[in-house]
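Just below is one structure, and these are the notes that go with it.
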Amino acid sequence: MGEKEEEEGMKPWEQHSKIISIPRFDYNAPCSILQRSHSGFLITSTIKREKSATKEAISILHQYVGPHNSDCSSSLERPNSNGDTKRRKFCTYEIRDKCAHVVERKGTKEEEPGSLPKDDHLSCEKKDKNAERDHFMSLVKLTRCGLVLLTFPGEISPDTVNIVANICQSLDSGTLKSPLWCHRIFPIQSTCILKERDLQATVSNLVLQFVNDKQNKLSRPVKFAVGYNRRGFEETEMKVPKNTLKDSDRFALLDRNKCFSIVAAAVTDIISDSAVDLKSPELSVLVELLPLSGVPNESLVVAVSVLPKNLVSTKPRLCIRALVSETKAKNKKT
């Protein structure tokens, strides 16, 4: 009884501390995401409960991510024995400068659509190659509350959609306990710079992959829908000078209608016999604006996934399904 009372008196994230330790932010990750596509998970959580959600998400993913993971809790941690808080703050500014250089270079060098240049050496300190192989996922710092971003290294691309599908199936069957702090887990199949040709190429590749997967049984015409979540857009808009926002094509896709038209065109290019259906889509293309910390204000990155109908909800808007249904959530409160 005493232990239970002690746990109830703890902050939520402290209750998890005996099970799994919270990883540190990977300050190299935002710049790496600017340079190449990454897969991972974007978790929505209760505001001011991000630490608890991080621990909870790691604990859940540990069970489902598969052979890449021998010890999720330890590999998610990125210990920094050489540096302290001041050192990590310095790294943030150093990475931001390098990210700005990456953006400038990408603006002057012609590249193939959807492709991103290879990683430069961006470490603030020399990395041990053996230790780097042990790193499983990076915890990426964001500028928006209520969000947790975990990404795989660029060379690792597990089936994030299948992982989330298995988690949802376990929750539905009762074999997995309902999470307290994680509301939704969005499986990120790919990331790209928010530019027309990059977004179009990314969507085209993912839709083609979806269509070629024999597990996906599609009727004709194929019903699809597009969802666009501009999390943190208000903050981004405030930081960017108005004349830059108005004149630059770089920010054109912040407009919902423009983004929808680009994504829909990419889908119809791959599936000619297709039609928009917002009520019961067979496939849904979800685009999430990632409010990355430590990158230039004009650098906008989105996460993109093509999802089957069992992983999305259409009411009140198109989005990834909740881990816990509203009915169950209400029953817990009462």
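One is the number of the first residue; the rest follow in order along the sequence. Hydrogens, waters and symmetry mates are skipped; everything else that's a heavy atom, side chains included, is used.
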Looking at OG of Ser138 and CG of Asn28, how far apart are the two atoms once the value is rounded to the nearest 0.5 Å? 8.5 Å
Looking at Lys223 and Ser280, what are the two nearest heavy atoms and their distance? CD-O, 3.8 Å
CG/Leu278 to CZ/Phe224 distance, rounded to the nearest 0.5 angstrom? 9.5 Å
Apply side-chain contact (heavy atoms from CB on, under 4.5 Å) to residues Asp273 and Val222 and explain how you reach the verdict. CA-CA 6 Å; Asp273 188 11; Val222 177; 6.0 Å; no
Are Val302 and Leu290 side-chain neighbours, meaning at least one heavy-atom pair lies under 4.5 Å? no
Rounded to the nearest 0.5 Å, how far does CD1 of Ile271 lie from CG of Leu283? 5.0 Å
Please report the closest heavy-atom contact between Cys182 and Glu56, naming both atoms and the distance. N-OE1, 2.8 Å
Val140 versus Leu150: any side-chain heavy-atom pair under 4.5 Å? no
Do Ser313 and Arg184 come close enough that some side-chain heavy atom pair is under 4.5 Å? yes
Donor-acceptor pair, side chain of Ser52 and main chain of Trp181, under 3.5 angstrom: no
Could you give me the CA-CA distance, side-chain angles and deciding distance for Thr314 and Lys279, then say whether side-chain contact (heavy atoms from CB on, under 4.5 Å) is met? CA-CA 6 Å; Thr314 57; Lys279 292 183 178 180; 5.7 Å; no
Would you confirm whether Thr175, through its side chain, and Ser170, through its main-chain N or O, come within 3.5 Å as a donor-acceptor pair? yes
Between CG on residue Leu180 and CZ on residue Arg49, distance to nearest 0.5 Å: 11.0 Å
Could you tell me whether the side chain of Glu288 and the main chain of Val304 form a donor-acceptor pair under 3.5 Å? no
Would you name the heavy atoms of Val324 and Pro179 that are closest together and state the gap between them? CG2-CD, 3.8 Å
Could you go through Arg230 and Asp255, starting from their C-alpha distance and side-chain angles, then the distance that decides it, and tell me whether this counts as salt bridge (Lys or Arg N to Asp or Glu O under 4.0 Å)? CA-CA 9 Å; Arg230 303 178 299 174; Asp255 179 74; over 6 Å; no
Contact between Val295 and Leu34 at the side-chain level, heavy atoms closer than 4.5 Å - yes or no? yes
Evaluate the side-chain proximity of Leu311 to Cys168: yes if any heavy-atom separation is below 4.5 Å, no if none is. yes
When rounded to the nearest 0.5 Å, the distance separating CD1 of Ile43 from CG of Leu149 is 7.5 Å
Go through Ser219 and Glu282 one step at a time and tell me if the side-chain hydrogen bond (donor to acceptor under 3.5 Å, both in side chains) criterion holds. CA-CA 8 Å; Ser219 60; Glu282 294 175 274; 3.0 Å; yes
Just by distance, no angles: are the side chains of Ser45 and His183 close enough, under 3.5 Å, to form a donor-acceptor pair? no
Say whether, by atom type as modelled, one donor and one acceptor occur between the side chain of Thr268 and the main chain of Ala264 under 3.5 angstrom. yes
Is it true that a side-chain atom of Thr191 and a backbone atom of His38 form a donor plus acceptor pair closer than 3.5 Å? yes
Report the C-alpha separation of Val203 and Leu206 in whole Å, then their side-chain angles, then the decisive distance to 0.1 Å, and conclude whether the side-chain contact (heavy atoms from CB on, under 4.5 Å) test is met. CA-CA 5 Å; Val203 172; Leu206 293 178; 5.9 Å; no
Closest heavy-atom contact between Cys192 and Thr202? CB-OG1, 3.5 Å
Give the C-alpha distance, both sets of side-chain angles, the deciding distance and a yes or no for side-chain hydrogen bond (donor to acceptor under 3.5 Å, both in side chains) between Tyr27 and Ser293. CA-CA 9 Å; Tyr27 289 98; Ser293 175; over 6 Å; no
Close side-chain approach of Ile163 and Phe41, heavy atoms under 4.5 Å: yes
Which is it for Ser190 and Ser37 under the side-chain hydrogen bond (donor to acceptor under 3.5 Å, both in side chains) test, yes or no, and what are the steps along the way? CA-CA 6 Å; Ser190 185; Ser37 175; 2.7 Å; yes
Closest non-hydrogen atoms of Leu171 and Ser178, given as atom of the first, atom of the second and distance, are CD2-CA, 3.8 Å
So, do Leu147 and Glu50 sit near enough that their side-chain heavy atoms are less than 4.5 Å apart? no
Heavy-atom closest pair, residues Glu196 and Leu253: N-CD1, 3.6 Å
Atom pair CZ (Phe260) and OH (Tyr228), whose distance is rounded to the nearest 0.5 Å: 9.0 Å
With the side chain counted from C-beta on, respond yes when Thr151 and Ile33 share a heavy-atom pair under 4.5 Å apart, and no when they do not. yes
Side-chain (Asp198) to main-chain (Leu194) donor-acceptor, under 3.5 angstrom: no
Evaluate side-chain contact (heavy atoms from CB on, under 4.5 Å) for Val267 paired with Val276, printing each intermediate quantity in order. CA-CA 10 Å; Val267 174; Val276 174; over 6 Å; no
Main chain of Ile167, side chain of Gln169: is a donor-acceptor contact present, judged purely on distance under 3.5 Å? no
